[in-house]
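Here is the structure we will look at, set down as structure tokens.
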Amino acid sequence: MEIYDLPAHKLAELMHNGEISATELTRAVYSRISDVEQDIQAYVTITEDQAIAAAGALDAQRKAGKSLGPLAGIPVGLKDNICTKGVRTTCSSRILENFTPSYNATIVDKLEAAGGVITGKLNLDEFAMGSSTENSAFFPTRNPWNLSCVPGGSSGGPAAAVAAGEAVYALGSDTGGSLRQPAAYCGIVGMKPTYGLISRNGVVGFASSLDQVGPLTKDVRDCALTLNLIAGHDPLDATSAVLPVTDYTSFLCNKIEGIRIGVPREFFSKDLDSRVADAVKKGIKQLEDLGAHTDECSFPHAEYAHPAYYIIATAEASSNLARFDGVRYGYRSLSKDGGDLDLAAMYLQTRSEALGAEVKRRIMLGTFALSSGYYDAYYLKASKVRTIIRDDFARLFEKFDILVSPTTNAPAFRFGERADDLLTLYRSDLYTTSVNLAGIPALSVPCGFAEGLPVGLQLIGPAFAEGKLLQTAYAFEQSNSYHLARPPLKGRNAETSTKNSPGRE
Amino acid sequence: MKLSKKEVENLAQLGCFALNEDEKELYCAQLSEILEYTELLNHLDTKDVAPTYYVLPMVNVKRKDQKQQPLSLEDVFRNAPQQEENYFRVPRIL
């Protein structure tokens, strides 16, 4: 394996033993970026100079004998809806194309304090609304396993970057599956933690009661290490939970004898691709071989989670996105001669020009669900169904420690394949949205391939059971080799530096 | 539920953006399709179910009323589309 193929914990070991410096590692990652980025297009903004400087400073600290954390000096990429002081944060939207935050998200402060070397900002579906990065206002990101396929979304840029070796790990966000679905499509590990475990301060809101930040990593140990770094209460996020500090790596014991795993039959419905079903069933057999007790069960209202999610998520989005009005930051439209429009025309034209089609669609849907006369039948109804979904999960977790399902109903699809069929596109998050409605944690771990494309296995746990999820995922991962597979990316010669591409800094 | 073109126009107006004729037709069809899909929820009896808005038990969080360091003026106006002295400049309202 090349340096850029290694997980963070292996690199940390090499660094600790003096076999590689943070600067060498960072340069290796940027050399990989200049090799494959033309094919993958994961980055909206590359921050090479800052990263090399940060790595150099860490090397000096290490040399001076300072004790550094396990992820110090490891290059990490950030989804571009996470605010970074002094580095533009676009949400892959025209309306924020030139927005440079004045402060860091709390998780960025935590990363920096722990010596994380930030490689740049990664592409997403505009404002995290989508399943493929085709809704990015700038360009789509390609799947490293097959360049004619989507990487998933909305965290498609971060997932593709990690899979392609353009970042060792990354942080993204998950509102309805935006970490787990791209992780499954790109053959890596992605976790949506419990709502409230990780601060959302400085992460641009899409649906505030559903959004949660989480890691995208090459293996389960890296996932645990990243969670250690970013979890914890934040006074700047009123929805952040107060919990004792946990070392998530302490759960990686490679033993799952006796763990009770439920297999909801509704997640193996007619929507499921047979190749994905085969890989997931093989995965479940593997969990049994490791000593887990698996049992089929019913998640009776599963089919209602997805429509309820679309009402709640769009309702919250329509409210959250009202702030982009061209007044204090972001894009502002001018009249044809470059002068001022009147105020109403300025609002209207700014949002007409700078918001994309999917964002407008969701704002309209959410506005409808919240509007007088329809509120009870749509928004209130969906919020009640949300209670029913939570109750379903609560009942299942009386009997099971963990639930297992496919992460997605099919492997990565081809570009454009689902562009004209919204409902089919939306259904790529059929198995992930219920988790956000209930606020519980889930992760996707690689469990095989379907014609060269990775397949993900989803593990779902009750609130704050991240430890149990990691324990199960780790034992599963250590008994197969899917996490060691790397995409057959040739890369181009490194002559054209990505630094010279338009729109990059 | 099928939305009319007029209703789509109204939603866009509430969302504060304008649509051209092609967009109105497209969104009319798409939003109607999505709404019809969500009406699956009507199969469920929710008469006696309380709604969930937040999954965590939420309480008001208050901070101490203490003086804090605000952002510098430079930071506040860093992204201003138009600025005049220490104000955000906007088009005339009156």
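Being a predicted model, the structure only gives us computed values, none of them experimental. Every chain is numbered from 1 and lettered A, B, ... according to where its sequence line falls, protein lines coming before strand lines.
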Ring center gap for F99(A) and Y329(A) short of 6.0 angstrom: yes
Contacting moiety of Q13(B), where chain A heavy atoms sit under 4.5 Å: neither
Between L41(B) and chain A, which part of the residue has a heavy atom less than 4.5 Å away: side chain, backbone, both or neither? both
Under 4.5 Å from any heavy atom of chain A, what part of N60(B) do you find: side chain, backbone, both or neither? neither
Under 4.5 Å to a heavy atom of chain A? For R63(B) that would be neither
Indicate yes or no: does E358(A) engage R362(A) in a salt bridge with an N to O separation below 4.0 Å. yes
Heavy-atom distances under 4.5 Å only: say whether K47(B) touches chain A with side chain, backbone, both or neither. backbone
Donor on one side chain, acceptor on other, E353(A) and S333(A), under 3.5 Å: yes
For the residue pair F299(A) and F393(A), is the inter-centroid distance of their aromatic rings smaller than 6.0 Å? yes
Any chance the side chains of D421(A) and T424(A) put a donor and an acceptor closer than 3.5 Å? yes
Spell out, as yes or no, whether a donor-acceptor pair under 3.5 Å connects the side chain of S383(A) to the backbone of P51(B). no
Using non-hydrogen atoms only, which part of E7(B) is less than 4.5 Å away from chain A: side chain, backbone, both, or neither? side chain
Which atoms of A18(B) approach chain A - backbone, side chain, both or neither, heavy atom under 4.5 Å: both
Residue part contacting chain A, namely of R92(B), when any heavy atom lies under 4.5 Å: backbone
Part of V8(B) within contact of chain A (heavy atom distance under 4.5 Å): both
Parallel, tilted or perpendicular: ring planes of F368(A) versus Y378(A), cut at 30 and 60 degrees: perpendicular
Establish, from distance only, whether the side-chain atoms of Y304(A) and D392(A) form a donor-acceptor pair under 3.5 Å. no
Quick one: do the S209(A) and R386(A) side chains pair a donor with an acceptor below 3.5 Å? yes
Option in A357(A), A322(A), A241(A) with maximal non-hydrogen atom pairs under 4.5 Å from chain B: A357(A)
With chain B as the partner, which of L321(A), T239(A), N98(A) has the greatest number of non-hydrogen pairs under 4.5 Å? T239(A)
If one checks every heavy atom of V61(B) against chain A at 4.5 Å, the contacting part turns out to be side chain
Report which part of I93(B) has an atom under 4.5 Å of a heavy atom belonging to chain A: side chain, backbone, both, or neither. side chain
Is it the side chain or the backbone of F88(B) that comes within 4.5 Å of chain A heavy atoms, both, or neither? side chain
Using non-hydrogen atoms only, which part of S208(A) is less than 4.5 Å away from chain B: side chain, backbone, both, or neither? both
Closest-packed option against chain B by number of heavy-atom pairs under 4.5 Å, given T350(A), T367(A), L210(A): T367(A)
In terms of heavy-atom pairs under 4.5 Å with chain A, which of E39(B), M1(B), E23(B) leads? M1(B)
Quick check for you: among N42(B), V59(B), T38(B), L71(B), which has the greatest number of heavy-atom pairs under 4.5 Å with chain A? T38(B)
Donor-acceptor pair, T84(A) side chain versus V87(A) backbone, under 3.5 Å? yes
Under a 4.5 Å heavy-atom cutoff, which of L26(B), L44(B), L40(B), L56(B) has the most pairs with chain A? L44(B)
Can you tell me which portion of Y53(B) sits under 4.5 Å from chain A's heavy atoms? Options are side chain, backbone, both or neither. both
Does the separation of the ring centres of F127(A) and F324(A) fall below 6.0 angstrom? yes
Between E9(B) and K24(B), does a salt bridge (Lys or Arg N to Asp or Glu O under 4.0 Å) hold up when you go through it step by step? CA-CA 7 Å; E9(B) 269 170 34; K24(B) 279 179 209 165; 3.4 Å; yes
Look at Q349(A), R390(A), K85(A) and state which one has the largest set of heavy-atom pairs under 4.5 Å with chain B. R390(A)
Tell me which of these, V90(B), L14(B), L35(B), has more heavy-atom pairs under 4.5 Å with chain A than the rest. L35(B)
E36(B) and K2(B) ion-paired at < 4.0 Å: yes
